[in-house]
Amino acid sequence: MRLPRWQRSRTSRTWSRPGACSWPHGICFFVGDLFEAWALYQFGQLTLDLIRSTIGRGTSDTDPHEREKAQALLRAHAAVESLAWLGVTLFLVVCILQAGWSIYLLTFTDTSDDWTSYNSQMNCFTAAGVVASFAAIWNVTIVERNFHIYLDSYAPLMKFITVKIIVTFAFFQQALVYVLEAIESTMPSAIQGLSRKLPIVGDILSFSDSQFTLFYSALLIYECVLIALLHLWAWSAEEAWYTEVTSEGEQEKEDEDPERRPLLS
C-alpha cells in the first residue's frame, strides 16, 4: 500500500530520521524563525510608536476641533494597537516555544533511537506557527490600511511588503508545499502523473526528504539576498521620520541622551 506523501516520515523543518548533521539543520531553521519573529515585533513597535507620535502632534493644535479629532484618533489607535499586538505576540511566542522546546528535547532526551516522538511534537508547533503567521500578517495589514495616511514620511509601502515576505519564511512556504503534496496524493494516478510533469512544481512534489531539505535551504538563501536588497531601498537613511519627535520635551531628552540621538544626525 502506497502511503500519501504527507503521511511519510518527513516533518516540517526537521530530519525525521537520525543521521549526520540532522538535528543542527532543524535548530538553524528554528532559530532563524525566532529572529524573524523578533524583527516583526520590533517593526510593529516602531510603526505603532510613529503613528502615535504623528497623531499626538494634533493634540497641541490651536484649533479645538483638531485637538478633539487628535484625541479621538489616539483612543482609536490604542484599541487597534492592542489588537495588532495579538497576532504579532502570538507569532513571537510560538517561535520562542518552538526553538526552546526543540533544544530541550535534543539536549535532555534521547532522540537518536526514536525520532517519531520528536517530530510529532515539533509538528504541533508547525501547525500553531501557520496560524500565527496568518494572524501576524493580517494584523500588520490592518495597521497599514487604517493608518497609512499618518506614515507619509515613513514610506510604508515597501517596508510592509518586505516584512510580510519575511513572515512567510517561518512557516507559510513549507506548509504550502505540504498542502500541495497532500492534495496531490489524493488524486488519481493519471492526474498525479500530469502534476509531476509541471515545471518546477512537479519537481518539488517529486523531491525526496533530503532533496527537499537542500532545495528549501538554498531557496531561503536566495530569498534572504533579495530581501536584503529590498531593504536597501525600503529603509533609506535619508527619510525624514528619523528626526521626528512627539514633543519639545522628547527633543530635549534626545539632545541630552546620545543613545536617543539618530546616528546620521
Side-chain angles (χ1 to χ4, degrees), residues 4-17 22-45 47-48 80-109 111 114-144 160 162-186 204 209 212-213 215-217 219-220 223-224 227:
R5 289 181 60 84
W6 61 274
Q7 291 180 346
R8 295 186 195 177
S9 56
R10 187 175 76 207
T11 58
S12 176
R13 250 179 244 112
T14 61
W15 288 77
S16 54
R17 49 185 177 273
S22 57
W23 67 262
H25 162 268
I27 290 297
C28 290
F29 274 115
F30 296 153
V31 175
D33 293 345
L34 183 56
F35 275 103
E36 293 165 14
W38 184 247
L40 175 63
Y41 180 86
Q42 294 297 327
F43 174 78
Q45 184 71 57
T47 303
L48 291 169
V80 173
E81 181 178 8
S82 62
L83 293 175
W85 281 123
L86 179 63
V88 175
T89 304
L90 177 62
F91 182 68
L92 177 61
V93 169
V94 169
C95 289
I96 292 174
L97 293 177
Q98 175 186 248
W101 189 246
S102 177
I103 293 174
Y104 171 80
L105 291 177
L106 293 169
T107 304
F108 299 104
T109 63
T111 57
D114 181 18
W115 288 86
T116 303
S117 175
Y118 171 82
N119 291 327
S120 63
Q121 293 183 59
M122 300 315 299
N123 277 341
C124 296
F125 291 106
T126 301
V130 172
V131 176
S133 298
F134 278 109
I137 292 175
W138 175 251
N139 289 157
V140 169
T141 302
I142 291 298
V143 172
E144 179 186 10
F160 278 95
T162 54
V163 77
K164 291 173 187 176
I165 295 175
I166 289 176
V167 172
T168 66
F169 288 175
F171 300 99
F172 182 79
Q173 293 183 108
Q174 220 173 10
L176 178 61
V177 174
Y178 294 154
V179 169
L180 292 176
E181 288 181 342
I183 295 175
E184 188 258 355
S185 66
T186 62
I204 295 175
D209 295 348
F212 179 80
T213 299
F215 164 78
Y216 187 67
S217 301
L219 176 64
L220 281 180
E223 289 178 332
C224 288
I227 288 297

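Heavy atoms only: backbone and side chains are in, while hydrogens, waters and symmetry mates are out.
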So, for Val130 and Ala175, which heavy atoms are closest and what is the spacing to 0.1 Å?
-> CG2-CB, 3.6 Å
Is any side-chain heavy atom of Ser217 closer than 4.5 Å to a side-chain heavy atom of Phe29?
-> yes
Taking all non-hydrogen atoms of both residues, which atom of Ala132 and which atom of Leu90 are closest, and how far apart?
-> CB-CG, 4.0 Å
Flag side-chain contact, heavy atom, 4.5 Å: Phe172 against Val167 = no
So, for Ser133 and Phe171, which heavy atoms are closest and what is the spacing to 0.1 Å?
-> OG-CD1, 3.5 Å
Euclidean distance, Leu105 CG relative to Gln121 CD, rounded to 0.5 Å | 5.0 Å
From Ile103 atom CD1 to Leu106 atom CG, the distance as rounded to the nearest 0.5 Å | 8.5 Å
Check the pair Gln45 / Val88 against side-chain contact (heavy atoms from CB on, under 4.5 Å), numbers first and verdict last.
-> CA-CA 10 Å; Gln45 184 71 57; Val88 175; over 6 Å; no
Scan side-chain atoms only and decide if Ser102 and Tyr118 contain a donor-acceptor pair under the 3.5 Å cut-off.
-> yes
Beyond-backbone contact of Tyr178 with Thr126, side-chain heavy atoms, under 4.5 angstrom | no
Close side-chain approach of Leu40 to Ile166, heavy-atom, < 4.5 Å = no
Beyond-backbone contact of Phe169 with Cys224, side-chain heavy atoms, under 4.5 angstrom = yes
Parallel, tilted or perpendicular: ring planes of Phe212 versus Phe215, cut at 30 and 60 degrees | tilted
Given the rule in the side-chain contact (heavy atoms from CB on, under 4.5 Å) test, do Thr47 and Phe160 qualify, once you have shown the distances and angles that lead to the verdict?
-> CA-CA 10 Å; Thr47 303; Phe160 278 95; 3.8 Å; yes
What do the steps show when you test Thr168 against Ile137 for side-chain contact (heavy atoms from CB on, under 4.5 Å), and what is the final call?
-> CA-CA 9 Å; Thr168 66; Ile137 292 175; 4.0 Å; yes
Aromatic centroids of Tyr104 and Trp101 separated by under 6.0 Å = yes
Non-hydrogen atoms of Leu92 and Trp38 that approach each other most closely | CD1-N, 3.9 Å
Spacing of Ile227 atom CD1 and Leu220 atom CG [to the nearest 0.5 Å] = 11.0 Å
Start with the C-alpha gap between Val177 and Tyr216, add the side-chain angles, then the distance that decides, and say whether side-chain contact (heavy atoms from CB on, under 4.5 Å) holds.
-> CA-CA 10 Å; Val177 174; Tyr216 187 67; over 6 Å; no
Distance col, row Ile165:CD1 vs Glu36:CD, nearest 0.5 angstrom, shows 12.0 Å
Taking every non-hydrogen atom, the tightest pair across Glu181 and Ile204 = OE2-O, 4.5 Å
Side-chain heavy atoms of Thr141 within contact of Lys164, under 4.5 Å | yes
With a 6.0 Å cut-off on ring centres, are Phe91 and Tyr41 close enough?
-> no
Validation row, ring centre Phe30 to ring centre Phe125 under 6.0 Å = no
Non-hydrogen atoms of Leu83 and Asn139 that approach each other most closely = O-OD1, 3.6 Å
